[in-house]
Structure formats: C-alpha cells, structure tokens
There are 2 protein chains.
Amino acid sequence: MPTREEAKAQRREDIVNAAMRLMYTRGDSGFSMRALADAAGVSIATPYNLFGSKQAIMLAVLDTGMALYEQRLGKLQADELEIFFEAVSLATELYAEAPKFHQAVLFSAYGDGGRDYRAVFGDPRFLFWKALVERARNAGFLEIDVDPSALALALSQQFFICILEWAYGEIGLAELEQRVHYTFALLLHGAATSSGSRRLKPRIKLLQKNLTDRWSVSDPRKSVAASQ
Amino acid sequence: MPTREEAKAQRREDIVNAAMRLMYTRGDSGFSMRALADAAGVSIATPYNLFGSKQAIMLAVLDTGMALYEQRLGKLQADELEIFFEAVSLATELYAEAPKFHQAVLFSAYGDGGRDYRAVFGDPRFLFWKALVERARNAGFLEIDVDPSALALALSQQFFICILEWAYGEIGLAELEQRVHYTFALLLHGAATSSGSRRLKPRIKLLQKNLTDRWSVSDPRKSVAASQ
DNA sequence: CAATAATTTATAACATGTTATAATGCAAAC
DNA sequence: GTTTGCATTATAACATGTTATAAATTATTG
C-alpha cells in the first residue's frame, strides 16, 4: 500500500529507466512515446502527466548522465588550465562508451517536439564551465577581470554545437575532441594572463596542426555520413 | 505551351515564393506543407517531388537570403579585421527588418523533420567566413600559418548557435550581436598577429564590459521569454 | 467502513511530415 | 496526329508528439 506520492515517484523512475533502456538498445529510432509507455508498463498518458513532454524525459536522462560525468571528473588530477581539456576528453570517452545511447539522448532532446532548446544544454552545463573559469582565474591563468559568465557561455555553446554535430553523424568522436580542444584554447587564450598564454599559445599551434592534418585527407565540411 | 523543364522551374519558384509569403505573414506557426501546397496552388505531393523535404524548401529560402546578405555586405567599407564585426551587425540588421520571417526560416530548417543539420548552416556560410579569414590573414591581421578552415569553422558555429538562441526566443537581437562580437574577438585574437592583437585586445575588454553590464540587470541564462 | 478526490487508463482524436498508389494531363517522340 | 512516358494530382495511409475525455482504480479522509 504505497502512498500516492511514492507510487508517483516509482512510476517516474520506471519511465526514466525504460527510456534509458530503450535508447541503449534501440537508439533513437524506435524510441517513441508509445514504445516508452509500453516498456514502462504504463499508459501513454502517464508520461505526459508526470513529465509533460518527451523532451522533459530526455532532460531527466541527460541529468543522470551529467551527475555521472561530474563524479568521474572529480577523480581526475589536472591543474586549473588543463582541466578544461581533460573535461572535454572525458566527455568524449563517455560518449565512446555508449555512443548510440548518447546520440539518441541528444537527438531526442533536441529533435521532435523540443522547443525548449536552452534546457538541453542549459544551466547545469553552463554553471559547470563557469566554475572552471573562476577556478582558472583564481589560479592566475586568466585575467582577473574576466567575466566568467561571458567566457563560460562561449565555451559551453561551442562544446554544445560540436556535440550536436557528432550526434547528427557529421563528425566522429576524435574530431569532436580535437575541434573543441582547439576552440577552447582559442577562447581561453583571449582571456589569458601571460602565464596562461605561455601555455595556450603553443597548444593552439599544435591543435591547429592536428586539424589541418585531419582535413588534408578529408574535407572539413564533408560529413562522415556522406563519405561512407 | 511551356516546356516540361520550364513548367517544373515555374512550380519550383511558385513553391519557394509561397513559402516566403507564408512565413512573412504567418511566421513559423501555420506554415505546414499542406498550407504551403495550398498557397502555391499545387498538390501536396509536388513539393516533395521537387524538393524532397520541407527542410530542402527552407534551405532554398535561406539561400536567397544569403545572396541578399552578401550583396549588401559588399557595399560596406571596412578593413579586413573590422569586416568580421560589420558582417555580424549587418546580419542582425537584416533579422531586425523581418524578425518573424527569419525566425520561421531558421526554426523550420532546424526543427520538424530536419535531420540534415549541417546543410542549414553549412557550406555557403562556412566558405563565407573562410574567405574573410584568408583576407584578414593576407592583410597581416592574422598569423600567416593560421588554418582558415579551423578558424572559420569555429566562427561560423559560434554565430550559428547564437542565431539559434535568438530564433528560439532566448535572447534579443542586441544581445545576439554583442555576444557574437565578443566571441569573434576572442577567437580572432587567438590567431592574431601583434598588429591584429593590438586592435582586438581592447575590443575584447570593451565587449566583455558590455555583456557584464547587460547581465548585471538580467541573468545571462534567464531567457527572454521567461522574463516577460 | 464508506465517501471523496486524485491519478491512471483506455481510447479517440488532431496536426504534422512523409510515403504510396492509382488516375489524369500533357509535353515529347515518332 | 497519334502514341508514349513523365509529372502532377487527388487521396489514403502511416508514424509521430500531443491533447482531450470518460471510465476505472485507489489512496486518503471522514
């Protein structure tokens, strides 16, 4: 005889779990609200009662992924500048572990019926980068008068759009990592102190060379899908 | 007695014109394939025969807009560094002239049924920025060994995502302009020669201050829609 | 225990992008 | 000028996210 709220929480959990299971196994295709309701053993009306929309369910899934991500990131040892690049690399590792799942999440959160675009890559992620920027500033790598919001926004947006390109099948994970690293180095360099700049400048050169080499064999705008 | 190809071209034009008309008047909502077919005086099957998908029609509309844009940009007088910022400002002016139309275009091109994401902000726009980067490099503002593709990609992506935020109603045009300017200055600075850097560095300061001031009254991640 | 009120269920419906099909119209080829 | 074949039409259909509605279930309240 569970209480009404408990039963509701249970259903909520069932739905999120079913959503994750579906996306792990079938990826984005075949993951419809009707299939979700079936898999969760629930009527199709219930997910709408409890979450409101398909996108809201995706966001719940996305949030559990974010929690796992931050937990793993905490275990890394890297200084206040290196952590930006490590954070990007860690994300690509997570994507590599379950690519179809992550693609499905991003795709669903951003695709059908999703109008609340900002929520997808919104506050939690923005705040995450902002905290890193503040740490780097306090460590003396970034100028003391940098606006953490402005820089963090640029970083998170750039990361987001590269992830989106990957989710859409336009680039592979290796290129995703390289491109975000390159852009992060550029953006950070713009706000760097001389000590930060000393480390970022050669990094930019190196990262740019990576991209140049990569694109010398395949065009930068030729999609992965198209070249297969 | 028009030739078969002529008739086809005529229908194509009718459809694109009807699409533009619909979006100018009704914006994104109310612009469906069925409404489009009606407005173009054509069966609903015909747009699919001639374009393949709704997104392809949007891209055709987007391309005519791009042509107008480049034409207007050519009339501007600005040096090889200033042109980046002028180009951004010109785009926001165009958006301001017909905001609902442009929002509808972006939204449709990116929203329902659109999977070919890259095409939306793909080659033509990327090549446009790449050409500007090459010009700035030849003018001595950017280092000679900069990879124009890498930098142009970062620029166009950043521009794109800010436009998308605007189209989704998250930010206004003024903020769009300021944010893209800021990020552009950061990115360009990362590849700048000392002569370019001399001009970009104070600009970054100024642009960052603009954003700080803006956000001192409204949170950077509080959406326009939500604050109304 | 009985009455109440909140939730879920089953189901139908709507709007959408898209595809399929058979019939029609009409330029092109002979 | 007749035949041929391509393109469009009208129409139905499908899958999707989402909403509405009435009935059934069930925890809570008295």
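All chains are named by letter (A, B, ...) in the order of the sequence lines, taking the proteins before the strands, and each is independently numbered beginning at 1.
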Does dA28(C) have OP1 or OP2 under 4.0 Å away from a side-chain N or O of Thr3(B)? yes
Could I get the full list of side-chain contact (heavy atoms from CB on, under 4.5 Å) partners for Thr64(A), not counting sequence neighbours? Met20(A)
Let me see the working for Arg125(B) and Leu62(B) under side-chain contact (heavy atoms from CB on, under 4.5 Å), right down to the final yes or no. CA-CA 11 Å; Arg125(B) 277 147 277 269; Leu62(B) 212 53; 4.1 Å; yes
When rounded to whole Å, the CG to C1' distance for the pair Asp14(B) and dA7(D) reads 15 Å
State which residues pass side-chain contact (heavy atoms from CB on, under 4.5 Å) with Ala9(B); sequence neighbours excluded, sorted by chain then number. none
The test is side-chain contact (heavy atoms from CB on, under 4.5 Å); show your working for Thr92(A) and Trp166(A) and say whether it passes. CA-CA 10 Å; Thr92(A) 64; Trp166(A) 169 72; over 6 Å; no
Rounded to the nearest Å, what distance is computed from the OH atom of residue Tyr48(A) to the P atom of nucleotide dA20(D)? 12 Å
Does Phe85(B) have any ring-ring contact (aromatic ring centres under 6.0 Å, His included) partners at least two apart in sequence or in another chain, and if so, which? His181(B)
Taken to the nearest whole Å, CZ/Arg4(A) to P/dT28(D) is 6 Å
If I take atom CD in residue Gln10(B) and atom P in nucleotide dT8(D), what distance separates them, rounded to the nearest angstrom? 13 Å
Integer-rounded Å distance: dT19(D) C1' and Met33(A) CE: 12 Å
Per-nucleotide protein contact string for nucleotides 9-14 of chain C, where B marks a base within reach and S marks sugar-phosphate only (heavy atoms under 4.0 Å, - for neither): BBB-B-
Between dT16(D) (C1') and Gln55(A) (CD): distance, integer Å: 16 Å
What is the distance, rounded to the nearest whole Å, between atom CG of Leu36(B) and atom C1' of dT9(D)? 16 Å
With sequence neighbours left out, what residues match Asp38(B) under salt bridge (Lys or Arg N to Asp or Glu O under 4.0 Å)? none
Taking side-chain contact (heavy atoms from CB on, under 4.5 Å) as the test, write out the residues that go with Ala78(A), two or more places apart. Glu82(A), Ile83(A), Glu86(A)
Sugar-phosphate only, base, or nothing, as touched by Ile57(A) at under 4.0 Å among non-hydrogen atoms: nothing
Check the phosphate of dT18(C) against Lys54(B), side-chain N and O only, distance under 4.0 Å to OP1 or OP2. Yes or no? no
Specify the separation, in whole Å, of atom NZ of Lys8(B) and atom P of dC6(D). 11 Å
